Participant: 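Dropping a structure here in structure tokens format, bear with me for questions.
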There are 2 protein chains.
Amino acid sequence: MSGEKEYLKSYDKEMYEKPSVTVDLLVFTIVDDRLKIVLVKREEYPFKDMLALPGVFVNIDETLDGAAKRGIKEEAGITDIYFEQLYTWGDVNRDPRMRIISVSYLSLTPSEKIQLSIGQRTSSVELYDVEELLTSDAKLAFDHKKIIEYGRERIKNKTEYTQIAFEFLEEEFTLPQLQKVYEILLGKSLHKANFRRKVMPMVEETERMTMGDAHRPSKIYRVKENTIVV
Amino acid sequence: MSGEKEYLKSYDKEMYEKPSVTVDLLVFTIVDDRLKIVLVKREEYPFKDMLALPGVFVNIDETLDGAAKRGIKEEAGITDIYFEQLYTWGDVNRDPRMRIISVSYLSLTPSEKIQLSIGQRTSSVELYDVEELLTSDAKLAFDHKKIIEYGRERIKNKTEYTQIAFEFLEEEFTLPQLQKVYEILLGKSLHKANFRRKVMPMVEETERMTMGDAHRPSKIYRVKENTIVV
DNA sequence: TATGTTAGTACACTTTTGATACTAAGTCAA
DNA sequence: TTGACTTAGTATCAAAAGTGTACTAACATA
């Protein structure tokens, strides 16, 4: 049967059995120089007591981006945050209960903005070390480990050809801090002088400097107005 | 309400009204040195007589990739073809009949592989010039113009940092042909000597050359075994 | 055999990237 | 108060990658 005909048939809403659609959220941040992700511990079967990505069902009158935004607010307590659609996962048996198609969203934030466990939720929402999750043989609920791997990879790639790394920092930062973020995301150490030369065009000095450290203070910078971060 | 709770509630399949899920296909190719895309002319309302992306509904026991593969076969008659998931479109009113979430797939092929209008379909499936569609104020059905723009952009970007351009060529090709493909995809002309130096590591000579042209013949190449095309 | 046309290459020049090795400015302990 | 320690920041050279010019090569055709 042709796709066109199927389109037409679909006018009768109940002709086909429909999958459910959820949005799963990958909220990444950096704490103690480590990449972390927000996960929830499941309290019910299937996958009871296992870690899972936070997620919400997409309401019938709600856009995907809208559902993502709502989910990020509900789970991580953040309202203004960078997020982008990551990938849509549609394996038939990814949820043992029924057919669920999951649109995953990638979201990056400085850790200071995260407010876990807001509202009346009983389940625990926590930050987990990403490299630890991915290199250990820890099992996650559903296909969520694969999704996290995919998100981790996207971050690494986009770090190379965009300014996405800035999303992990607050408005003001030092160049050593910025370099550290790049090193965490890329998984390798960078050459100081070359790194500086590269980011210089995208940042501007403030008049302030760090204080109190037992070494030379560093200048505090912010992102230049016209820098396209993502 | 928390996302977790929603997950649990969802165990009752019929608790929420579900959207429909389709896969929309962007099959790109190159004909006469122009980028083309496969479109169908709609035969029914809504958007009767307007051009639209071919698409299929995702069956309840079918993966997204599976649905895409099926659609590409039904609409363009191709079985072995490069394709990747592009983006998932979820605006609430993108289809006036009902809520439809569309997972779009990007697919590239040499034009020789395309077999339009196979089977018993009545509607017309044709190739359309992409730049012409996008620069004119031609209206397409649904949000399909926006989707094509997005796909066009993805091709341009991936041309810059992958070897995706090879997907438009058959197994054997000359370097001038390859350069032309790059120029079409990037929308600008390239410097011959530099282009050659850049692609040389990825191709290997055959023993054959072009014949019959009123100028110097060119060597025929193929992709080197170990080249990662996408 | 000369001409037009496209294929292919040699080489000089510029820009970007990579690495070394230095100087600068704070804290802290002797 | 001074020197040891630590991290911040810079000057400079070398290598690699990219760009542009100008050439030579090999065909068909008149």
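In this text, all values refer to a predicted model and were calculated from it rather than measured experimentally. Below, read A as the first sequence line, B as the second, and so on, with proteins coming before strands; counting in each chain starts at 1.
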Participant: Once you round it to whole Å, what is the distance between C1' of C:dA19 and NZ of A:K198?
Facilitator: 15 Å
Participant: Within this structure, what is the OH-CD1 distance for the pair B:Y105 and B:I72, rounded to the nearest 0.5 Å?
Facilitator: 9.0 Å
Participant: Donor-acceptor pair, distance only, cut-off 3.5 Å: does the side chain of B:S102 make one with the backbone of B:W89?
Facilitator: no
Participant: What's the shortest heavy-atom distance between B:V40 and B:P54, and which atoms?
Facilitator: CG1-CB, 4.1 Å
Participant: Between C:dG8 atom P and B:I220 atom CD1, what is the distance in whole Å?
Facilitator: 10 Å
Participant: With side chains defined as the heavy atoms from C-beta onward, is the minimum distance between B:L64 and A:T88 less than 4.5 Å?
Facilitator: yes
Participant: In whole angstrom, give the distance that lies between atom CZ of B:R208 and atom C1' of C:dA7.
Facilitator: 18 Å
Participant: Measure the distance from CZ on A:F195 to C1' on D:dG9 and round it to the nearest whole Å.
Facilitator: 13 Å
Participant: Using atom CG of A:L178 as one end and atom P of D:dT7 as the other, report the distance to the nearest whole Å.
Facilitator: 18 Å
Participant: How does protein reach along nucleotides 20-30 of chain D, written 5' to 3' as B (base within reach of a heavy atom under 4.0 Å), S (only sugar-phosphate), or - (no contact)?
Facilitator: BB---BBBS--
Participant: Hey, does A:L106 have a side-chain heavy atom less than 4.5 Å from the side chain of A:R154?
Facilitator: yes
Participant: Return the value, rounded to whole Å, for the distance between atom NZ of A:K180 and atom P of D:dT7.
Facilitator: 11 Å
Participant: Check whether the side chains of A:D91 and B:T63 place a donor and an acceptor atom closer than 3.5 Å, and report yes or no.
Facilitator: no
Participant: Expressed in angstrom and rounded to an integer, what is the separation of A:L190 atom CG from C:dA19 atom C1'?
Facilitator: 14 Å
Participant: What integer distance in Å separates A:E205:CD from D:dG9:C1'?
Facilitator: 11 Å
Participant: Among the candidates D:dT10, D:dA8, C:dT9, find the nucleotide nearest to the side-chain atoms of A:K219.
Facilitator: D:dT10
